[in-house]
There are 2 protein chains.
Amino acid sequence: MLNDPMVLTPIVAAEPEKRIRDRSATEKAILNAAKALLAEEGFQNFGINAVARRAGCDKQLIYRYYGGLNGLVEAIGADLGTWVKDRIPEDTGGMFLLTYGDLMERLSLLFLEALRDDPLVLRIVAWEVSENTEQVRRLSEARSKALGLWLERMRGSLTPPKGVDAIAVNAILFAAIQHIVLSASAAEQCAGLALKTAKDWEKAATALKRIVRGVYG
Amino acid sequence: MLNDPMVLTPIVAAEPEKRIRDRSATEKAILNAAKALLAEEGFQNFGINAVARRAGCDKQLIYRYYGGLNGLVEAIGADLGTWVKDRIPEDTGGMFLLTYGDLMERLSLLFLEALRDDPLVLRIVAWEVSENTEQVRRLSEARSKALGLWLERMRGSLTPPKGVDAIAVNAILFAAIQHIVLSASAAEQCAGLALKTAKDWEKAATALKRIVRGVYG
DNA sequence: CGCGCTTGTCTCCGCACGGTGACTGTTGGG
DNA sequence: CCCAACAGTCACCGTGCGGAGACAAGCGCG
């Protein structure tokens with residue numbers, strides 16, 4: 001592509017930038033291209049041709065190495081298992097979490113932050129609520145599994161207050177976070193709340209904290 | 001499609017089901033086809049050809065009457081202004097809303113219910129968080145405008161408690177509701193919370209109420 | 001060395017899409 | 001009665017897609 005102007009000087013041109021024969025490197029290139037593409041463009045224009053173009057290789061290799069798009073998506077899903085480790089701290093940042101409310105406040109903010117700077121996972125979330133294909137189901141499963149593990153680990157021995165359906169409440173809290181970030185990513189606002197500047201996000205985080213504290217004390 | 005077997009008996013077949021010449025009826029048919037298609041299939045396969053097929057007319061007419069897909073989407077948006085009136089009650093169901101907390105609890109549940117049985121609007125919400133094209137922006141604008149009007153009207157003279165950023169809190173609450181319903185529609189669950197049976201939804205509603213009460217008292 | 005397996009590329013196919021121009025048939029006003 | 005305006009249809013174009021098969025080149029193992 002960069003050499004396009006050379007096309008008219010066919011004699012000297014050459015320099016085909018020989019692709020070296022390295023299967024595992026190519027596999028990685030494909031996987032990375034797919035992840036980058038999904039993160040940057042979303043699932044709309046996500047296809048064999050687009051990934052191959054981005055990876056700079058022939059789409060045939062995607063069929064050979066991953067068995068097509070489905071296999072590639074599955075590979076992304078498997079790769080996603082590392083999301084938690086990479087993106088969300090395992091420790092509590094030196095804080096002592098005395099109550100379940102402390103915990104959930106911290107986890108909510110961590111989750112918010114993590115989502116905000118992981119466009120790939122964010123796109124997957126958008127995909128999850130837009131389609132219900134086998135591809136998406138795989139990805140979704142991988143993501144929720146990773147998330148569940150992280151929650152489990154962070155929770156430790158803390159238990160929610162009696163009389164509160166923590167599963168339902170937390171589902172709503174996390175739904176809210178996901179949607180806020182989704183909405184911000186698409187339109188820089190959500191339900192009339194601007195979500196552009198750091199100050200905007202401060203307000204959102206404060207409101208979120210207030211909500212968590214309201215329900216968990 | 002249903003007549004496929006008839007293809008081999010061309011003589012008697014005929015009965016071309018003459019389309020009557022009625023522009024306004026055709027326009028309505030197109031608009032309804034578009035809305036139904038969007039509601040049932042989502043925005044993924046939403047295109048000129050699909051709408052024309054569904055409307056049972058030639059796609060050329062969509063160009064003629066609506067100026068293409070964009071115009072058609074705009075028409076849907078305009079039509080969406082009636083959503084509030086049709087779907088969400090204007091009165092308070094005979095309740096006296098004494099506090100802002102009363103109000104928001106009621107509005108939250110109303111919004112949840114309304115979203116749950118309006119697949120079209122739900123698809124639009126999914127579209128909003130997945131793309132940021134001109135089409136979507138128009139739809140989104142129409143929707144948020146209608147929603148804003150409804151909120152305004154329902155709020156009446158009630159004001160939020162001092163010290164609470166009601167705009168931010170409400171944005172989060174509505175984001176949560178939207179995402180819960182979206183997630184349920186796609187996967188019948190959300191963050192580990194099943195959302196299939198009426199009982200499941202009871203739990204969600206209870207948790208939502210608790211959250212609203214927690215923050216607004 | 002040389003054969004064969006692997007890696008990578010190229011070309012082709014059928015299909016559905018968005019979009020356009022030309023056509024047919026009906027209707028209503030002069 | 002006739003013709004222009006209009007509703008509706010049809011055929012076609014270029015493009016990009018997913019997919020498959022044929023082909024060229026490098027490497028490894030005997």
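A quick note: this is a predicted structure, and the numbers were derived from the prediction, not measured. Note on naming: letters A, B, ... go to the chains in the order of the sequence lines (proteins, then strands), and numbering restarts at 1 for each one.
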From CD of B/E41 over to C1' of C/dA16, roughly how many Å is that when rounded to an integer? 16 Å
Should the pair B/R64-B/E27 be classified as a salt bridge under the 4.0 Å nitrogen-to-oxygen rule? no
Write down the distance between CZ (B/F46) and C1' (C/dG18), rounded to a whole number of angstrom. 14 Å
Atom CD of A/E40 with >12 non-hydrogen neighbours under 6.0 angstrom: yes
To the nearest Å, give me how far apart CZ (A/R23) and P (D/dC27) are. 17 Å
What's touching nucleotides 19-22 of chain C from the protein side, N or O pairs under 3.5 Å?
unit_1	atom_1	unit_2	atom_2	d
C/dG19	OP2	B/Y63	OH	2.9
C/dG19	O5'	B/Y63	OH	3.3
C/dG19	N7	B/K59	NZ	2.9
C/dG19	O6	B/K59	NZ	2.8
C/dG21	O6	B/Q60	OE1	3.2

Rounding to a whole Å, what distance do you find between B/Q44:CD and D/dC17:C1'? 15 Å
Would you sort out whether B/E105 and B/R210 count as a salt bridge (Lys or Arg N to Asp or Glu O under 4.0 Å), showing the intermediate values? CA-CA 9 Å; B/E105 176 181 318; B/R210 192 179 291 273; over 6 Å; no
Any side-chain N or O of A/R21 less than 4.0 Å from the OP1 or OP2 oxygen of C/dT9? no
Kindly say whether B/A168 contributes a backbone atom to a donor-acceptor pair with the side chain of B/D165 at under 3.5 angstrom? yes
Do the side-chain N or O atoms of A/T26 get closer than 4.0 angstrom to the phosphate oxygens (OP1, OP2) of C/dT7? no
Just the rounded figure in Å: distance from C1' of C/dG28 to CD1 of B/I20. 17 Å
How many Å lie between CZ on A/R53 and P on C/dT9, as a whole number? 15 Å
Just the rounded figure in Å: distance from P of D/dC6 to CD of B/E27. 13 Å
If you define the side chain from C-beta out and look only at heavy atoms, does anything of B/W127 sit under 4.5 Å from B/Q135? yes
Separation of atom CG in A/L61 from atom C1' in C/dC10, rounded to whole Å: 12 Å
Keeping to residues at least two apart or across chains, list the salt bridge (Lys or Arg N to Asp or Glu O under 4.0 Å) pairs with something in residues 144-155 of chain B. B/E90-B/R153, B/E152-B/R155
